[in-house]
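Data first, discussion second: the structure below is written as structure tokens.
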Amino acid sequence: MGDEIPDQGLPNQTASCRIVPNQVPTIPFISTSAAAAAAAAQDYSQYVFFLHHPNPDPNALFFPQPSNPQFFLPETNAASNLYFLPPQNTNPDPFFGTSSITSVPNAGSTSDVLPSASSVPSFSSDALHLVPISYGDPGQVSNPSPFYNVDDFSLSTPPADSNPVENPNSFYPRIVGKRKRSNLNGNRRKAVARSFMAPPVEIKLPDVAPTNPSPDESEEIIVINKESTTEAVIGLSAGFPADSLTDEEIEANVVPSVGGIEQVNYILIRNHIIARWRENVWNWLEKEPFLSSIPQHCHYLLDSAYDFLRSYGYINFGVAPAIKERMPAEADKSNVVIIGAGLAGLAAARQLITFGFKVVILEGRKRAGGRVYTKKMEGGNKVASADLGGSVLTGTLGNPLGILAKQLNYPLHKVRDKCPLYRPDGVPVDPAADTKVEGAFNRLLDQASRLRQLMGEVSVDVSLGAALETFREVYGDAVNDEEMNLFNWHLANLEYANAGLLSKLSLAFWDQDDPYEMGGDHCFLPGGNGRLVSALAENLPIQYEKTVHAIHYGNDGVRVFAGNQVFEGDMALCTVPLGVLKSGSVKFVPELPQRKLDGIKRLGFGLLNKVAMLFPHVFWGTELDTFGHLTGDAARRGEFFLFYSYATVAGGPLLIALVAGEAAIKFEGMHPTDAVTRVLQILRGIYEPQGIDVPDPIQTVCTRWGSDPFSLGSYSNVAVGASGDDYDILAESVGDGRLFFAGEATTRRYPATMHGAFLSGLREAAIMARHANARALKIKVERSPSKDTQSCATLLADLFREPDLEFGSFAVIFGRRSSSPKSLAILRVTFGGSRKKTNESLKSDQPHANKLLFQQLQSHFNHQQQLHVYCLLSRKQVLELREVRGGDEVRLNYLCEKLSVKLVGRKGLGSAADSVIASIKSERGKRSSSKSALKLKQ
């Protein structure tokens, strides 16, 4: 249940960064003079770089210190994975020789190649290939980059002749078919958004001297071992960027200054520690063994990395005996009250107790686990363990629950790919029709992704369901009854993946967590996930049947009210589900900040229900783990649409039917007997025509997660009007470090997953400990709030009160007083509300490829207040846009089709725009000062 939505991630990106001593990437196949010229010009846009080689040349060319380009790591298994070099430079590389150069007469589509690459040679090697895509400030953290906004994953493809300098909104994409997955491990039954791609891994080069490395060893990149690439991949699987620090690391001040050699060395040490612990997760990893392999001048970085990883639970966590032994018998720190004994509460409790805190856990139910619930079903000499809540470990690479299973020596069962579908009459679906509709469904998601790309931030107010239905009606891909039933099955699968109605899911951000999906198989835990809960809850101070109804917090601590009891502590951790927070059944005194209340209101909290059935024997076969059923009633498309076979993992012949979407809501009021009768009708319709008898079940259980007062739903989703920011807002502490929040709805990267809940508990334990230590030292902790661009938006609005250029609904401010055609400008487009009168018509009869989208866009804007969207352009592009005739609609088409630019909200502009805004503000400030000085002189 809580883990029925898969977490999202970076599949197939298994290559990473190998750092070699005194060595920065070289430019292969380029003569010394050509390389020097490129370095002098700081223009690497036409070159492919190789980050390492097993036998690095000590005389390799160094990059100039001021440049420091950002790099994008392409998928190594992409079919069109070509790496281009300038055609005029074909000198042999000292490492690989001339045999590596081949001609490419047909380089594929323009979306797969670098500009002007139709006749450029390609290169194939086991070395790591990195393609520069943007220019960054050496001291700036590239997380996220200006080209990848975590709130808007719609990516634009530049025309083949575009220039990255002239078009700062463009990039070189590797379209890999990133997909929002249901819990069908690797199965073709996926909610597909193929226009969406996993974010590139950006590699920033260290700042080093161009030609003469400093003799100061502190300015050198250290070498720990020869496995830095493998260790970087392991770090990536744990959620750490290959080239930058996480927000948590920055807040923890793990390095004296962000960027530079210290950060590079810290990352190498951090990855090394993680890799060493992953080799043996049964043991407690000490710091001392690393002292001999880490240079002495970097021991302070070792201290920093080890302490951070230890406190945030990236190492030395879990239930292995060696780790449990580290839990002190007596607490020597303050009291902490934890509300909720789900995975988040249990993870936080174990960490806090290890840190020396005195902890009490208050749980309203009679059991631990929250929305992870394994029920023992039995009868007729048959016994099975049914996961009625969270059931699938979505990805095993880096998954902390997978590590717990490993510590407990519990094997995992991969959910197999095979998933046959059956028509309402029980006949298997025609494979040709299945393939056709699946392709049509993918195309509709492509169109929806394109629509949100064009709409920018406006798509926040549009539902995914509305977009899909609009395009289905327009394109009419599903034409007969069987195809419509198949289409509705895919919609049900999508609603299952999000535990929400498509009519309520945000078009803009419904899949915002996709880039963080953990790699590896989707798996069942034989015997149920309750085994993990039991191991985590062992010997913890849990008080059951304590229903919390009020939490008071202030400078003197917290008081938690449960019935007629009051529990006092220095801090409290609230892990109640989002559904409970929405209901208001827990009263906070003082009231939570309005910002948090708004976030609670905006986020969606959906529903998934199940019917678990224990049969006398397995009649459906053991060769598959899933099969699906279609319905002829679109309103009931999610009713028993998917079946999970647990016969191989539950200990008995157990079958579970899923109920999603609108059907899950109606299911709450359905009598259990009626529900089981309906399920049996479906099963008999499928198997009896095959000559297979379907017996009555021995025992059945119907879930009612929406009616459970301790959950009031299943798991979170991004509803219309919400964004990933709201997960961050829910995670923010209140009361000056007294009241904290954890749970699946507080993690932006892994919402709606079991491991997301677990990781959030580890996260908050570390933050609580930091606050407690700071109070003991009488130091105030400054925790960065979630990314809030309100102040920047206000500044931008002020600057646009005096635009440098206006035409139609477009306004422009230029980055600097320069006539250079490449100088940057910020373009603002105004939709809705009142506009200045112009002589141009807003209507156009000129046809263009996206007329339908713009009509929908205009229809939407007609119902909205005035709204501003932005993009970065060069001065040359602005002047070209001004000359486009035919009105605003044609100009919008020119922006998206000709310039490959997407319009975004203020936050979507990224850090590239921040420097432009700062320069404009500075320039105007100087002008104002000059005017004031002139007036004084007069």
Side-chain angles (χ1 to χ4, degrees), residues 1 4 183-184 189 373-389 391-392 413 415-416 418-429 485 489 492 496 524-530 608-633 636 638-660 663-664 666-668 670-704:
M1 188 208 64
E4 296 296 347
N183 291 332
L184 307 178
R189 311 287 177 202
Y373 177 34
T374 302
K375 179 177 177 57
K376 183 179 180 180
M377 301 179 67
E378 54 188 335
N381 296 321
K382 301 293 181 182
V383 179
S385 299
D387 274 325
L388 301 180
S391 58
V392 181
H413 171 80
V415 182
R416 289 168 286 186
K418 185 178 180 181
C419 180
L421 295 183
Y422 296 91
R423 297 184 337 196
D425 59 4
V427 176
V429 168
N485 294 340
W489 187 92
Y496 155 52
F524 292 139
L525 176 66
N529 295 316
L608 175 75
N609 275 312
K610 300 182 179 183
V611 177
M613 299 161 288
L614 179 65
F615 287 95
H617 60 272
V618 177
F619 59 84
W620 57 90
T622 58
E623 73 281 359
L624 51 79
D625 294 316
T626 58
F627 60 91
H629 176 259
L630 279 56
T631 178
D633 184 355
R636 300 168 62 183
E639 185 179 272
F640 317 124
F641 81 104
L642 187 64
F643 290 80
Y644 272 125
S645 168
Y646 283 82
T648 56
V649 296
L654 180 70
L655 193 65
I656 292 181
L658 303 187
V659 191
K666 294 179 180 179
F667 183 81
E668 295 274 324
M670 183 183 294
H671 194 280
T673 302
D674 295 337
V676 174
T677 299
R678 173 64 183 141
V679 174
L680 290 176
Q681 288 176 347
I682 293 173
L683 292 174
R684 285 167 179 158
I686 294 173
Y687 289 101
E688 288 185 351
Q690 303 176 37
I692 300 173
D693 179 62
V694 176
D696 289 333
I698 298 171
Q699 184 185 11
T700 61
V701 176
C702 297
T703 66
R704 298 283 189 271

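Residue indices begin at 1 and follow the sequence shown. All figures in this text were calculated on a predicted structure; none of them were measured in a lab.
- Across Leu614 and Lys382, no two heavy atoms sit closer than the pair CD2-O, 3.6 Å.
- Here Asp674 does not pair with Lys666 in a salt bridge; the nearest charged N to carboxylate O distance is not below 4.0 Å.
- In this structure, CZ on Arg678 lies 5.0 Å from CZ on Arg636, to the nearest 0.5 angstrom.
- Put simply, CZ on Phe619 and CZ on Arg684 are 8.5 Å apart, with the number rounded to the nearest 0.5 Å.
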- [ ] Any chance you could lay out the side-chain hydrogen bond (donor to acceptor under 3.5 Å, both in side chains) test for Asn609 and Thr703, step after step, and finish with the verdict?
- [x] CA-CA 6 Å; Asn609 275 312; Thr703 66; 2.8 Å; yes
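- The shortest distance between side-chain heavy atoms of His629 and Leu421 does not fall below 4.5 Å.
- Interatomic distance, Cys419 SG to Leu624 CG, rounded to the nearest 0.5 Å: 8.0 Å.
- Listed here is the closest heavy atom pair of Leu654 and Met377: CD1-SD, 3.8 Å.
- No side-chain heavy atom of Pro653 sits less than 4.5 Å from a side-chain heavy atom of Tyr646.
- Here the side chains of Leu683 and Phe615 are in contact, with some heavy-atom distance below 4.5 Å.
- Atom CG of Asn381 has 12 or fewer neighbouring heavy atoms from other residues, nucleotides or ligands inside a 6.0 Å radius.
- Counting heavy atoms from C-beta on, the side chains of Asp625 and His413 come closer than 4.5 Å.
- Using a 4.5 Å heavy-atom threshold, the side chains of Val611 and Met613 count as touching.
- For the pair Ser645 and Leu655, the minimum side-chain heavy-atom distance is below 4.5 Å.
- Contacts of Gln690 classified as side-chain contact (heavy atoms from CB on, under 4.5 Å), with partners at least two apart in sequence or in another chain: Tyr422, Ile686, Tyr687, Ile692.
- A 4.5 Å side-chain heavy-atom check between Pro695 and His617 finds at least one atom pair inside the cut-off.
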Open item on the list: Working note: Leu388 + Val701, criterion side-chain contact (heavy atoms from CB on, under 4.5 Å); need CA distance, chi angles, decisive distance, verdict.
Closed with: CA-CA 9 Å; Leu388 301 180; Val701 176; 3.7 Å; yes
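- Across Gly632 and Pro424, no two heavy atoms sit closer than the pair N-CG, 3.8 Å.
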Task: Audit row: Phe524, Val415, side-chain contact (heavy atoms from CB on, under 4.5 Å) steps and yes/no - done: CA-CA 7 Å; Phe524 292 139; Val415 182; 4.0 Å; yes
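- Across all their heavy atoms, Ala664 and Val659 have their closest contact at CB-O, 3.3 Å.
- Remark: the backbone N or O of Glu668 is paired with a side-chain donor or acceptor of Arg704 at under 3.5 angstrom.
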TODO: Evaluate the side-chain contact (heavy atoms from CB on, under 4.5 Å) criterion for residues Leu680 and Asp696: first the C-alpha distance (whole Å), next the side-chain angles of each, then the deciding distance (0.1 Å), finally the verdict.
DONE: CA-CA 8 Å; Leu680 290 176; Asp696 289 333; 3.9 Å; yes
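- To the nearest 0.5 angstrom, Thr677 atom OG1 is 10.0 Å from His671 atom NE2.
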TODO: Start with the C-alpha distance between Asp387 and Thr374, add both sets of side-chain angles, then the distance that settles side-chain hydrogen bond (donor to acceptor under 3.5 Å, both in side chains), and finish with yes or no.
DONE: CA-CA 4 Å; Asp387 274 325; Thr374 302; 2.4 Å; yes
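- The shortest non-hydrogen separation linking Gly527 to Ser385 is O-CB, 3.4 Å.
- Using a 4.5 Å cut-off on side-chain heavy atoms (C-beta onward), Trp489 and Leu642 make contact.
- Shortest non-hydrogen contact noted between Ala660 and Ala492 is CB-O, 4.1 Å.
- Separation of atoms CD (Gln699) and NZ (Lys376) is listed at 11.0 Å; rounding is to 0.5 Å.
- Taking CG from Leu658 and CZ from Phe643, the interatomic distance works out to 8.5 Å, rounded to the nearest 0.5 Å.
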